[in-house]
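Notes to accompany the following structure.
Counting starts at 1 for both ligands and their atoms, following the listed order.
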Amino acid sequence: MEYANLLLEKSGPIAVLTFNRPKALNALNSDTLSELSTVLDELGRDSSVKVVILTGSGEKAFVAGADISQMKDFNPLEGRRFGQLGQATFRKLELLPQPVIAAINGFALGGGCELAMACDIRLASENAKFGQPEVTLGLTAGFGGTQRLPRLVGTGLASEMLFTGDIIDAQEAYRIGLVNRVYTSGTLMEEAQKLAKRIAGRAPAAVQLSKSAIQRGTNMDLDSAQAYESEVFALTFSTQDQTEGCTAFVEKRKAVFEGR
Ligand code: DAK
């Protein structure tokens, strides 16, 4: 399927989804969010895709936020609808069966930072910039930023970012744990692909169940989360890949996973 604001390229087990409104620094308008929701349904159904990489088109931005030119004239009901569309779509992304790597190649502001935080792993280029500048526009963060940022970096640092709207660079984002790694601009995508390939080479069910345990479990109390982890663990014993993985170890050979 063709999308107006997104590019989807599948190559073997890896899908690269590029936000493609470079003239507006890939800002998220409601059409882009709706397309994202549709493409996530498509990816979730596609068992050939094992890992998804998200990135932004152009040299400057991952995603520079929600589209301010669209938001400026919203009435409260339109604002609520837009916020709910963004929240529901980012939650769908977070719960996509396959792991998602954000390759953050420039500005990740407001909704763009929130988008990156809904991904499982964040890799940044050294020119990437992060922030939740909503308060400078008279807004609050509306796509989960007040919830995901404190969970990732702690309440104190998240409060500072959300109250000041200050922008931080990639090294600071790395220091506070907002991104896993920082690469030069020229190597970011190559490194994201390498990581995606490594993950795609593991037993798919085990990877997807690990993601589910992380995403669902971190929002539960510890006892419920551990109970969920046990069920997820038990489920791996229904897969041929579990038999292959453990047998290969005992036989001192490399496991060959078939995704069954
Ligand atoms: N929206 C729309 N257009 C944008 C944009 C954005 N977020 N960011 C950049 N652009 C556009 C610019 O208007 C410009 O368009 P033209 O003038 O060329 O037509 C083009 O992209 C290039 O931008 P600049 O010329 O400004 O480029 P610079 O390199 O000089 O500056 C910048 C780059 C990223 C520092 C600057 O563009 C900037 O400050 N952009 C805005 C960043 C921002 O504030 N982002 C957060 C947006 S607020 C909620 C739901 C959602 C939200 C909140 C609440 N509820 C329902 C409760 C979400 C809020 C946000 O994400």
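Using a 4.5 Å heavy-atom threshold, the side chains of L109 and V63 count as separate. In this structure, D169 and E172 have side chains that are in contact, with non-hydrogen atoms separated by less than 4.5 Å.
Taking 4.0 Å as the cut-off between side-chain N and carboxylate O, K211 and E94 do not count as a salt-bridged pair. Taking a cutoff of 4.0 Å between a charged side-chain nitrogen and a carboxylate oxygen, D241 and R202 do not qualify as a salt bridge.
Residues Y174 and F130 place their aromatic rings such that the two centres sit no closer than 6.0 Å.
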Test log, rule side chain to side chain contact (heavy atoms under 4.5 Å, CB included), inputs K10 and V49: CA-CA 8 Å; K10 294 183 194 173; V49 173; 4.0 Å; yes

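Near ligand 1, residues K23, A24, L25, A27, K60, A64, G65, A66, D67, I68, M71, G79, G83, F107, L109, G110, G111, P133, E134, L137, T140, G142, F143 each place a heavy atom inside the 4.0 Å sphere around the ligand atoms.
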